[in-house]
Amino acid sequence: MGEPQQNEPKADDLQGAGSNARAQDDSRSGGQNTPTQDDSRRGKLLLGAVTIGQAPRTDVTADIAPLLGPNVRVIEAGALDGASDVSPLAPQGGESALASRLADGTGVIVSEAKIMPLVQQAVDRVVAQGAFAVVLLCTATLRNPPTSAVPLIHPDVALAEAVVRMVRDEACGDGIAVMVPDESQIGDIGNRWEQLLGSRPALFAASPYGPAEPRIAAAEAIGRTDAGAIVLDCIGYSTAMARDIERASGKTVVLPRALVAEAAKELL
């Protein structure tokens, strides 16, 4: 994918976005995204967490924060913070799609090319607040990823390394199956895993941002395959979902959130 075109939406083009939206988001999250003097006095390190959707992503940080230890606090920002109309960011004409969540818990699918300028702005906000590192809450391999003045943790890299190691060590039997949020992502994500592993795994679509039934149905279907492990290829899948999928499938489950926490701890 090339550089974003000049007519792509910027932050101020989205209704309710911009500096006022960021202030509203901090207020809505009870100040969770703003460093405090108390953090400095206690010597806490600030880990930035940037979502493709809207912050705070308490559904994600509830799993990650306990793994980081008491001396790390997560500060958050989202590419869609304050936006009430995200329709201009919908994928069109075969654009690569990314899945995320809005503040009300609703799942959203956006164009990768259109959302990336807003992701960069969110990264810049948490870095300006003093983050020692930034976690991008997305497992996609981005064509034009954001940049950062501090270490930027890419979950897709951590996930790929873990899965390749499992396959190499024959820790997942006859290979893997991959669960993704949306049917529109199967092509791109399948191509990525085929390049990494040398063969295309079976892929199943079941969103982490909806009811449990489709995830359980996909898990049961994978349970009838020869795959030895299930890769949950989205940061939206929670620890509780992973447990349910493991029970329904009888397979080992690889959860990106745990890998992200491990990568962040290595930087402490």
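The first residue of the sequence shown is numbered 1, and numbering continues consecutively from there.
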Open item on the list: I'd like to know if the side chain of Q195 and the backbone of R192 have a donor-acceptor N/O pair within less than 3.5 Å.
Closed with: no
Open item on the list: What I want to find out is whether E112 reaches R143 closely enough, with some N-O distance under 4.0 Å, to be called a salt bridge.
Closed with: yes
- [ ] Report yes or no: do V150 and I75 belong to one cluster of Ile/Leu/Val/Met/Phe/Trp/Tyr joined by side chain heavy-atom distances under 4.5 Å?
- [x] yes
Task: Whether E194 side chain and R200 backbone form a donor-acceptor pair below 3.5 Å - done: no
Open item on the list: Tell me whether D169 contacts the main-chain N or O of A171 through its side chain, where contact means a donor paired with an acceptor under 3.5 Å.
Closed with: no
Task: Side chain T61, main chain R57, donor-acceptor under 3.5 Å - done: yes
Task: side-chain contact (heavy atoms from CB on, under 4.5 Å) evaluation trace for L136 with L142 - done: CA-CA 11 Å; L136 188 61; L142 303 171; 3.5 Å; yes
Task: Exam field: side chain S249 to backbone G223, donor-acceptor pair closer than 3.5 Å - done: no
- [ ] First locate atom CG of L80, then atom CG of L118, and finally report the distance between them rounded to the nearest 0.5 Å.
- [x] 6.5 Å
Task: Pairwise side-chain contact, K265 with L68, heavy-atom cut-off 4.5 Å (strictly under) - done: yes
Open item on the list: If you compare all heavy atoms of A149 against all heavy atoms of V127, which two are closest, and at what distance to 0.1 Å?
Closed with: CB-CG1, 4.4 Å
TODO: Kindly work out whether a path of hydrophobic side-chain contacts (I/L/V/M/F/W/Y, heavy atoms less than 4.5 Å apart) joins V180 to I222.
DONE: no
- [ ] Step by step, work out the salt bridge (Lys or Arg N to Asp or Glu O under 4.0 Å) result for R101 and D59.
- [x] CA-CA 10 Å; R101 197 185 85 150; D59 61 309; 3.5 Å; yes
Open item on the list: Side chains of S238 and D63: any donor to acceptor distance under 3.5 Å?
Closed with: no
Task: side-chain contact (heavy atoms from CB on, under 4.5 Å) partner of P256, chosen from V231, D233, L159 - done: L159
Task: Main-chain N/O of E246 paired with K251 side-chain donor or acceptor, under 3.5 Å - done: no
Task: CA sep, side-chain torsions, deciding dist, call: F132, L268, side-chain contact (heavy atoms from CB on, under 4.5 Å) - done: CA-CA 9 Å; F132 75 91; L268 295 178; 3.5 Å; yes
Open item on the list: As an exercise, state the distance from CD1 of I52 to CG of L137, rounded to the nearest 0.5 Å.
Closed with: 8.5 Å
Open item on the list: Using side-chain contact (heavy atoms from CB on, under 4.5 Å), reason through L267 and I153 one step at a time and then give a plain yes or no.
Closed with: CA-CA 10 Å; L267 296 174; I153 298 170; 3.9 Å; yes
Task: Donor-acceptor contact present, side-chain Q54 to main-chain A79, <3.5 Å - done: no
TODO: Verify, without hydrogens or angle tests, whether D81 (side chain) and A77 (backbone) share a donor-acceptor contact under 3.5 angstrom.
DONE: no
Task: Side-chain donor or acceptor of R257 paired with backbone N/O of Y237 under 3.5 Å - done: yes
Task: P145 to H154 - nearest heavy-atom pair and separation - done: CB-CE1, 3.9 Å
TODO: Determine, using the 4.5 Å side-chain heavy-atom cutoff (strictly less than), whether L255 and L259 are members of one ILVMFWY cluster.
DONE: no
Open item on the list: If we count only N and O atoms by modelled type, under 3.5 Å, do the side chains of T141 and D156 hold a donor and an acceptor together?
Closed with: yes
Task: Co-membership, hydrophobic cluster, residues F204 and I216, 4.5 Å side-chain - done: no
Open item on the list: Grouping I, L, V, M, F, W and Y whenever their side-chain heavy atoms are under 4.5 Å apart, do I235 and I230 come out in a common cluster?
Closed with: no
Open item on the list: The test is side chain to side chain donor-acceptor pair (under 3.5 Å); show your working for Q120 and D124 and say whether it passes.
Closed with: CA-CA 6 Å; Q120 182 64 64; D124 293 342; 3.0 Å; yes
